[in-house]
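Contents: one structure, followed by commentary.
Proteins get letters first, then strands, A, B, ... in listed order; numbering begins at 1 in each.
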2 protein chains.
Amino acid sequence: MLPLQIHLTLPPWIGDVADAMRRYASDAERVGLAIELSRHSADHGGGPFGAAVFDRDNGRLIAVGVNRVIPQSCSVAHAETMALMIAQQRLSRHRLNEPDGYFVLACSAQPCCQCYGATVWSGIDELLIGARSEDVEELTAFDEGPLPSDWIGELERRHISVRRDILREQARTVLAAYGTSGMVY
Amino acid sequence: MLPLQIHLTLPPWIGDVADAMRRYASDAERVGLAIELSRHSADHGGGPFGAAVFDRDNGRLIAVGVNRVIPQSCSVAHAETMALMIAQQRLSRHRLNEPDGYFVLACSAQPCCQCYGATVWSGIDELLIGARSEDVEELTAFDEGPLPSDWIGELERRHISVRRDILREQARTVLAAYGTSGMVY
């Protein structure tokens, strides 16, 4: 018999960090949550990456994600894909902004090649980034993978605006602590 | 309360098409299965894409996938990501070929930008492709998204070999039938 399903979960400590009742109003509050998730993930033995999806219009938090690759035996289960999949299932929409709305994906670090592609189909309107890929590759052993040379332009042409270097130093601090912890991903 | 999990399933007809006991020995048999999955998926109202993961050494089928974007409200749930995630969970490995083995991902059509990135982290050794991206975009309304200009070279440098145009005409036939069916994805 071939297996016909997949089940992915987030860790139980998520509720200690992400507040479903809070309104996250600014870029810094949104990326700040993603960085806090990345820090807790690393502290709990996971990959040092966090992401969150927000409704821009009211600042409401729709879903969060952290890297679950190793505990779930799933290379797809990055912070960004977890947050996007859970947000889409929560809203019963395969594109978050169809038929309406304006959604933001905030990431502790620039999405890798897989999550970059995933954002293209996700129905987000805005991508907020903490650390750059070069920070990830400088401070940890992670590879970010191959991207189109004009990766920001390709997103903007698809009506996804990109802002980066938001709380970059704070995001770098988490990556640096992970990179020197001796943990191998 | 924030949702903390995601559950994705394949349709119940999979067992009518994919044979867990058969040995799929050649490139044509492997891509042929992916194309048959794409055809059945389209016939059952899904996206016209199929994929399968094989153990090269014995021809054993590890997992299959079809496009589940709309029924599961999940833009990540493409045929390739479904097959890779299910194969990895089945083998309890987040990289299929670690610590050992040689794994093949066969696709009815060239992976889009998201699935391209997903293959990089998946631990496959070989990517087999039926239809090209230009076939998909010529024959259907699907966009394949932005890729690195030397996308094949980037995979080969990461020890993933690529062979394409396998049963290309057969794969094109499924896409053409879908494209003229009036179904909108």
CZ on B:Arg95 to CD1 on A:Ile70, rounded to 0.5 Å
9.5 Å
Out of B:Thr9, B:Ile86, B:Val120, return the one with the most heavy atom pairs under 4.5 angstrom to chain A.
B:Ile86
Do you know which of A:Leu91, A:Leu147, A:Leu96 has the most heavy-atom pairs under 4.5 Å to chain B?
A:Leu147
Ranking A:Ser73, A:Gly123, A:Gly117 by heavy-atom pairs under 4.5 Å to chain B gives rank one to A:Ser73
Of the listed residues (A:Cys74, A:Ala87, A:Ala20), which shares the most heavy-atom pairs with chain B below a 4.5 Å separation?
A:Cys74
Pair count under 4.5 Å, heavy atoms only, with chain B: among A:Gly65, A:Cys112, A:Ala63, A:Cys115, highest is A:Cys112
Which bit of A:Arg68 is near chain B, if near means a heavy-atom gap under 4.5 Å: side chain, backbone, both or neither?
neither
Part of A:Asp143 within contact of chain B (heavy atom distance under 4.5 Å):
both
Counting C-beta onward and ignoring hydrogens, is there a side-chain heavy-atom pair between B:Cys113 and A:Glu154 closer than 4.5 Å?
no
Grouping I, L, V, M, F, W and Y whenever their side-chain heavy atoms are under 4.5 Å apart, do A:Val76 and A:Val66 come out in a common cluster?
yes
In this structure, would A:Leu33 and A:Met85 fall into the same cluster of hydrophobic residues linked by side-chain contacts under 4.5 Å?
yes
To the nearest 0.5 Å, how far apart are CE in B:Met82 and CD in A:Gln5?
9.5 Å
Greatest number of non-hydrogen atom pairs under 4.5 angstrom with chain B, of A:Arg90, A:Arg157, A:Gln72, A:His7, falls to A:His7
Do B:Arg158 and A:Pro146 come within less than 4.5 Å of each other through their side chains, counting heavy atoms only?
yes
Backbone N or O of B:Leu8 within a donor-acceptor pair of the A:Gln89 side chain at under 3.5 Å?
no
To the nearest 0.5 angstrom, please state how far the CD1 atom of B:Ile6 sits from the CG atom of A:Leu10.
9.5 Å
Given that the side chain runs from C-beta out, which part of B:Ser122 has a heavy atom under 4.5 Å from chain A: side chain, backbone, both or neither?
both
Most contacts with chain B, counted as non-hydrogen pairs under 4.5 angstrom, among A:Leu61, A:Thr81, A:Leu84, A:Val64
A:Leu61
Side chain B:Gln88, main chain A:Ser75, donor-acceptor under 3.5 Å
yes
Given a strict heavy-atom distance threshold of 4.5 Å, which part of A:Arg93 is in contact with chain B: side chain, backbone, both, or neither?
backbone
Can you tell me which portion of A:Met21 sits under 4.5 Å from chain B's heavy atoms? Options are side chain, backbone, both or neither.
neither
Hydrophobic clusters here meaning ILVMFWY residues chained together by side-chain heavy-atom distances under 4.5 Å, can you tell me if B:Trp121 and B:Ile152 are in one?
yes
Is it true that A:Leu167 and A:Val162 fall in one hydrophobic cluster, defined by side-chain heavy atoms closer than 4.5 Å?
no
Atom group of A:Glu144 that falls short of 4.5 Å from chain B, counting heavy atoms:
backbone
From B:Asp19 CG over to A:Leu2 CG, what is the distance, rounded to the nearest 0.5 angstrom?
8.5 Å
Can B:Tyr24 be reached from B:Leu128 by stepping across I, L, V, M, F, W or Y side chains whose heavy atoms are under 4.5 Å apart?
yes
